[in-house]
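Here's the structure, in structure tokens; my notes come after.
The chain is numbered in sequence order, starting from 1. Side chains included, hydrogens not; waters and symmetry mates left out as well; all remaining heavy atoms used.
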Amino acid sequence: MAKAVNKTTEEEVRDRVTQLAFDGDKLRFREFFKKLESGLPPGTGIALRGSVVTNERWKDGKPFDADGRGTSDLDVTLVGSEVMEYWDKDAYSIPALHTRPLCDDEPGIAPGLNTLREELQELAGRPVNFQATANVVLFARDVLFNEPYFMLKSPVTSGS
């Protein structure tokens with residue numbers, strides 16, 4: 001089992017993500033991040049969550065890609081109120097704070113981001129899901145529910 005996220009350095013987590021999701025290819029990970037960042041409103045925070053961060057699937061404890069290369073998805077959490085506006089009003093789990101995932105099963109809940117998500121899937125060679133949330137919800141999920149995340153880019157709020 002991999003070392004717990006809260007006991008690893010940022011570099012160790014980045015290396016884990018690069019190895020698991022991008023076959024160790026740092027350039028492809030960098031391309032993924034740049035494409036993602038350029039397709040989002042300025043100031044949007046970007047975090048990775050789930051088994052790509054922990055190397056352990058929450059539902060069964062198996063490692064990332066346990067069912068074969070490219071079978072595990074990348075859970076991308078977007079942080080900020082502006083990016084949350086891309087989601088339909090009825091696509092929130094917690095109104096104004098946390099959306100349902102934009103994924104292959106529900107591509108129409110945030111149509112303005114779905115093309116970007118599909119392009120990232122092609123680049124990553126695996127499913128990519130987007131979810132938008134408020135910073136407080138991301139933090140609470142980590143602390144209260146032991147759902148760690150890896151922040152690729154911190155959100156910037158107005159006036160910051």
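A donor-acceptor pair under 3.5 Å links the side-chain atoms of Asn55 to the main chain of Phe64, judged by distance alone. Asn129 places no side-chain N or O within donor-acceptor distance of the main-chain N or O of Asp75, the cut-off being under 3.5 Å. Side-chain atoms of Arg49 do not come within 3.5 Å of backbone N or O of Thr77 as any donor-acceptor pair. For Glu12 (side chain) and Thr9 (main-chain N/O), a donor-acceptor pair under 3.5 Å exists by modelled atom type.
Contact record, Pro127 with Ser72: CD-O, 3.9 Å, taken as the closest heavy-atom pair. Closest of all the heavy-atom pairs between Leu74 and Ala124 is CD1-CB, 4.1 Å. Closest of all the heavy-atom pairs between Gln121 and Val128 is OE1-N, 3.0 Å. Taking both residues in full, the closest heavy atoms of Phe130 and Leu120 are given as CZ-CD1, 3.7 Å, listed atom of the first, atom of the second, then distance. Contact between Thr54 and Pro148 at its shortest, heavy atoms only, is CG2-CG, 3.5 Å.
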Contacts under 3.5 angstrom, residues 21-40 side chains, donor-acceptor by atom type, not counting sequence neighbours:
residue : atom : partner : partner atom : Å
Asp23   : OD1  : Arg69   : NE           : 3.4
Asp23   : OD2  : Arg69   : NE           : 3.2
Asp23   : OD2  : Arg69   : NH2          : 2.4
Asp25   : OD1  : Leu27   : N            : 3.1
Asp25   : OD1  : Arg28   : N            : 3.0
Arg28   : NH2  : Phe22   : O            : 3.2
Glu37   : OE2  : Lys153  : NZ           : 3.4
Ser38   : OG   : Lys34   : O            : 3.2
Ser38   : OG   : Lys35   : O            : 3.0

Quiz: residues 79-93 side-chain donor-acceptor pairs under 3.5 angstrom, not counting sequence neighbours:
residue : atom : partner : partner atom : Å
Trp87   : NE1  : Arg100  : O            : 3.0
Tyr92   : OH   : Met84   : O            : 2.7

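Applying the salt bridge (Lys or Arg N to Asp or Glu O under 4.0 Å) criterion to Asp104, with sequence neighbours excluded, gives Arg117. Every residue was checked against the salt bridge (Lys or Arg N to Asp or Glu O under 4.0 Å) condition with Asp105, not counting sequence neighbours, and none meets it. Scored by the side chain to side chain contact (heavy atoms under 4.5 Å, CB included) test, Glu122 finds no partners at all (sequence neighbours excluded). Residues passing the salt bridge (Lys or Arg N to Asp or Glu O under 4.0 Å) test with Asp73: none are found, sequence neighbours excluded.
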Glu119/Thr115 under side-chain contact (heavy atoms from CB on, under 4.5 Å): CA gap, chis, key distance, verdict | CA-CA 6 Å; Glu119 290 171 353; Thr115 300; 3.6 Å; yes
Please report the C-alpha distance between Glu118 and Asn114 in whole Å, then the side-chain angles of each, then the deciding distance to 0.1 Å, and finally whether the side chain to side chain donor-acceptor pair (under 3.5 Å) criterion is met.
-> CA-CA 6 Å; Glu118 289 174 338; Asn114 197 53; 3.2 Å; yes
Would you sort out whether Leu78 and Thr133 count as a side-chain contact (heavy atoms from CB on, under 4.5 Å), showing the intermediate values?
-> CA-CA 6 Å; Leu78 308 173; Thr133 196; over 6 Å; no
In sequence, state the C-alpha distance, the side-chain angles, and the governing distance for Lys62 and Glu56, and then conclude on side-chain contact (heavy atoms from CB on, under 4.5 Å).
-> CA-CA 5 Å; Lys62 290 183 180 177; Glu56 187 174 305; over 6 Å; no
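Interatomic distance, Ile94 CD1 to Thr99 OG1, rounded to the nearest 0.5 Å: 10.0 Å. With rounding to the nearest 0.5 Å, the separation of CD1 in Ile46 from OG in Ser154 is 10.5 Å. Here the straight-line distance linking atom CD of Gln131 with atom CG of Leu102 works out to 10.0 Å at 0.5 Å rounding.
Ion pairing between Glu10 and Arg14 holds under the 4.0 Å rule for side-chain N and carboxylate O.
Side-chain atoms of Arg16 and Val52, non-hydrogen and from C-beta on, never get closer than 4.5 Å to each other.
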